[in-house]
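A short worksheet on the structure shown next.
Sequence lines set the chain letters: A, B, ... in the order given, protein chains first and strands last, and positions in each chain run from 1.
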Protein chains: 4
Amino acid sequence: MDTTLQKAPTSPGKREQTKLQNRQLIVAAARRVFAELGYGATTVRDIIRATPLASGTFYNYFKSKEEVFQAVRDEVALAIRPRLHEERMKAATVEEFIGCSFRTFFEFVADDRVNFRTIRADSTRVRMDSPEVIAGFEELRNDLELAIAKGLFPSIDADFLMAAIVGVAFEVAERMLQTGSHDHVAAAEFATKLFIGGIRALPAVAEPGVISRNA
Amino acid sequence: MDTTLQKAPTSPGKREQTKLQNRQLIVAAARRVFAELGYGATTVRDIIRATPLASGTFYNYFKSKEEVFQAVRDEVALAIRPRLHEERMKAATVEEFIGCSFRTFFEFVADDRVNFRTIRADSTRVRMDSPEVIAGFEELRNDLELAIAKGLFPSIDADFLMAAIVGVAFEVAERMLQTGSHDHVAAAEFATKLFIGGIRALPAVAEPGVISRNA
Amino acid sequence: MDTTLQKAPTSPGKREQTKLQNRQLIVAAARRVFAELGYGATTVRDIIRATPLASGTFYNYFKSKEEVFQAVRDEVALAIRPRLHEERMKAATVEEFIGCSFRTFFEFVADDRVNFRTIRADSTRVRMDSPEVIAGFEELRNDLELAIAKGLFPSIDADFLMAAIVGVAFEVAERMLQTGSHDHVAAAEFATKLFIGGIRALPAVAEPGVISRNA
Amino acid sequence: MDTTLQKAPTSPGKREQTKLQNRQLIVAAARRVFAELGYGATTVRDIIRATPLASGTFYNYFKSKEEVFQAVRDEVALAIRPRLHEERMKAATVEEFIGCSFRTFFEFVADDRVNFRTIRADSTRVRMDSPEVIAGFEELRNDLELAIAKGLFPSIDADFLMAAIVGVAFEVAERMLQTGSHDHVAAAEFATKLFIGGIRALPAVAEPGVISRNA
DNA sequence: CATGAATGAGACTTCATTCAT
DNA sequence: CATGAATGAAGTCTCATTCAT
């Protein structure tokens, strides 16, 4: 095509503006593409293709795919972090502290799935949770439902409980390894107590009027 | 005289043995490499390089990187799933149900970090948890410690609590999106109640001698 | 699988027979596969897959794909050559000489398309006659039909005439290059005279009773 | 002062020029390599090696070997087709129709062997006309020379006649199979009459002074 | 000889990055 | 600065052939 004039700025002196605008164009495109394909599967070409810009232009703004990924993440994280922090600072009770955090976070996720996917970023075109792993999660859910049916547990949303157990398990395990302590007994005790206490508290919410009574 | 039958194998299954051994060689190498580089960043070449075998040999056993990854994951998942399920089935109380699960899981993680990393598999050569995201986690931990110091919270391991909150937040969010309900209010209520109840139950663990008593 | 006994000869002393039989198995499979995929696209694996034999066995009989291809071709060529030669030797007139050759050849082709394809062997999975080349052939046919309609030509099967012109053109050209003479004027004169004489003789056959009359 | 507009190209289309040139470079190299090795045996690597360009550059112009092959073929076919068609359209007699076609075609072949080879494209690194097949052709030529010596045939260039017979045989056979009629009797009759008439007409050419007399 | 897994050269192709325009 | 073609390293995968059993 004719490459001669098409990039003449719309009005003189707006170069700074154009620069910022181009950067935003790239970051926005990157966010969409990362959310869809995951970090590993997206290529710089995918990003610039989602942009009216040329491939070379990308490198005027970012050194690499990694760098733009950081930018996207930072942007997302920076969008929610201050709000969470502020609410926690204002909290006068445990209920407020915990409740505000979760409410804000889940609202954010529900509103903007794309950004959430970008933060997680562990999705790739390849299904990361293999059938066997997923089967393990489902098995846990079934076991929970069974336990509820048997009266072992109060009536709780098994889906969410399963997810919570899995989330705590993996994240606490990660933390355990990171801190270098490797005290798996302490980790297990922590998680166990958390859930036992939590489970006792839960049904009151799920089914108002029914007091948890598993004595 | 007759040379036709001389090919009766000297020992039963020398070749079968080699085959199995090679398959194990590949799976073991894959496990190591996936754990180190993450799924996205590891190449089939990386795997065979971690092996005394030739590149073509890989394809005698697996059609692709994806397939060997499944094999690794399945192996790991299958190693722990039956134990978890069995223990849950034998559980007579909530305490046993929850406690056994976590104890077994964390023990497994502590024993075999490589396998744990493989299950997670969300690590890549690129640091997925960008500084900003990590900063958000640390901020939460600081806020928790502050809250504990202010007497808002009982004295809990802030590291683990932070990890638990993050784990529940991301995993329940994921579940929320997957089930299609997108009911973020319910998700937030669930997580909030879980932690409020759990936090009340926790200090007894952190400080032995104090019996949990939240009646 | 169990490799121990399955290749025991059906009866002792038949080894020579088995050898010949295996060779035939391979040649027959090769003929089918070459005919279907063309030389370039077929692999040795394709051939042995069309056989109950193992890949290594192939190399007990042929050194390469090229060699088995030669064998197939030779077999086909040897099947028809003696018959053609014999008939030509017995011919007492030009009519017999030419007629017998063509009759035998076309009968062979019609009977055994697979073998014909193998002899040609210029077919590959890729369409060798590109649209443009085919379009050139069709254009010639159309021009011929037009010429017939205009009364320029007698009424002849335009399909066959087109094929004959194309066949002579390419084959004589090839010959011209091979002999090193490169006398394209002589080649053109030869082909032209051949067809002019031939075309005058043709209609009598196509439409019995109508004498060619293009004066 | 303003550096924004400095990228107005110093000369119109320096890059376009390079692009076209590179495309031609690739097509020209492809033509040479295809002519030498045949379609099946040439690889994209062979083509780019015959070029000062880098491997990846090939894929900026063509998606595959097949695509560049089409380009080469189309170019060749398009170069000769219009001329042939035009001459046929102007022909007022059979002699002109046939004669012009062959003269133009053989001239083209003699001038540009490389292009001819590309159109044929049935040559591969492997000799497609195996010894046996060639022997069959030579046998036919010998038989023809014998027949001429015996006075059965008039004195004709046996080389060209053999080539013409072979060309008609294979090409008409192909056409017979393609049209689906499989009427090998009609095919044989057609070819036979063509040659009988043609042979009677031929000597006039070979030996000037002798007027063809096939009344 | 039959077997079939191992081999490794090499084919095709993608893609992050550079650089002339 | 924008452009987009060129680059070439590196990845995935195939396949003819070898060789231990």
| What do the steps show when you test B/Glu67 against B/Tyr61 for side chain to side chain contact (heavy atoms under 4.5 Å, CB included), and what is the final call? | CA-CA 9 Å; B/Glu67 201 170 294; B/Tyr61 295 97; over 6 Å; no
Hey, does [X] reach any base, or is it just sugar-phosphate, or nothing, if we go heavy atoms under 4.0 Å?
X: C/Thr57; answer: base
X: B/Phe62; answer: nothing
X: C/Arg49; answer: nothing
X: C/Arg23; answer: nothing

Per [X] side chain, nearest of listed nucleotides [options]:
X: D/Lys65; options: E/dC12, F/dT12, F/dA2; value: E/dC12
X: C/Tyr61; options: E/dC12, F/dA5, E/dA2; value: E/dA2
X: B/Thr43; options: F/dT12, E/dC12, F/dA5; value: F/dT12
X: A/Tyr59; options: F/dG11, E/dA6, E/dA16; value: E/dA16

Return the value, rounded to whole Å, for the distance between atom [atom1] of [X] and atom [atom2] of [N].
X: D/Lys19; N: F/dA6; atom1: NZ; atom2: P; result: 8 Å
X: B/Glu66; N: F/dC13; atom1: CD; atom2: C1'; result: 15 Å
X: B/Asn60; N: F/dT14; atom1: CG; atom2: C1'; result: 11 Å
X: B/Ile48; N: E/dA6; atom1: CD1; atom2: C1'; result: 12 Å
X: B/Leu37; N: F/dG11; atom1: CG; atom2: P; result: 11 Å
X: C/Leu25; N: E/dT3; atom1: CG; atom2: P; result: 10 Å
X: B/Asp46; N: F/dT12; atom1: CG; atom2: C1'; result: 12 Å
X: B/Ile26; N: F/dC13; atom1: CD1; atom2: P; result: 14 Å

| request: Select from A/Gly56 and D/Gly56 the residue whose nearest nucleotide in DNA chain E is closer to the 5' end of that strand. | output: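 The answer here is D/Gly56.
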| Less than 4.5 Å apart, any side-chain heavy atom of C/Phe62 and any of C/Val27? |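 Side chain of C/Phe62 against side chain of C/Val27, heavy atoms only: contact under 4.5 Å found.
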| Are the side chains of B/Phe58 and B/Leu53 in touch, meaning some heavy atoms are under 4.5 Å apart? |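 With C-beta onward as the side chain, the pair stays apart.
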| task | Verify the distance criterion only: is there a donor paired with an acceptor across the side chains of B/Thr57 and B/Asn60 at less than 3.5 Å? | result |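 Checked: B/Thr57/B/Asn60 side chains show no N/O donor-acceptor pair below 3.5 Å.
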| query | So, for C/Ala30 and C/Val72, which heavy atoms are closest and what is the spacing to 0.1 Å? | reply |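 Where C/Ala30 meets C/Val72 most closely, the heavy atoms are CB-CG2, 3.8 Å.
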| Of C/Ser64 and A/Phe58, the one whose closest DNA chain F nucleotide lies more 5' |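 Upstream on the strand: A/Phe58.
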| Does B/Arg45 put a side-chain nitrogen or oxygen below 4.0 Å from OP1 or OP2 of F/dG11? |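 Yes, B/Arg45 has a side-chain N/O under 4.0 Å of OP1/OP2 on F/dG11.
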| Can you find a side chain N or O atom of C/Asn22 that sits less than 4.0 Å from OP1 or OP2 on E/dA2? |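 The answer is yes; a side-chain N or O of C/Asn22 sits under 4.0 Å from OP1 or OP2.
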| task | Under a 3.5 Å limit for both distances, which nucleotide forms a Watson-Crick or G-U wobble pair with E/dG4, could you say? | result |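 Base-paired to F/dC19.
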| Under 3.5 Å donor-acceptor pair, A/Ser55 side-chain atoms to F/dG4 base atoms |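 When only heavy-atom distances are counted, A/Ser55 does reach the base of F/dG4 through a donor-acceptor pair under 3.5 Å.
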| What is the ring orientation for D/Phe34 with D/Phe69, classed by angle as parallel under 30°, tilted 30 to 60°, or perpendicular over 60°? |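 Perpendicular, since the angle between the ring planes exceeds 60°.
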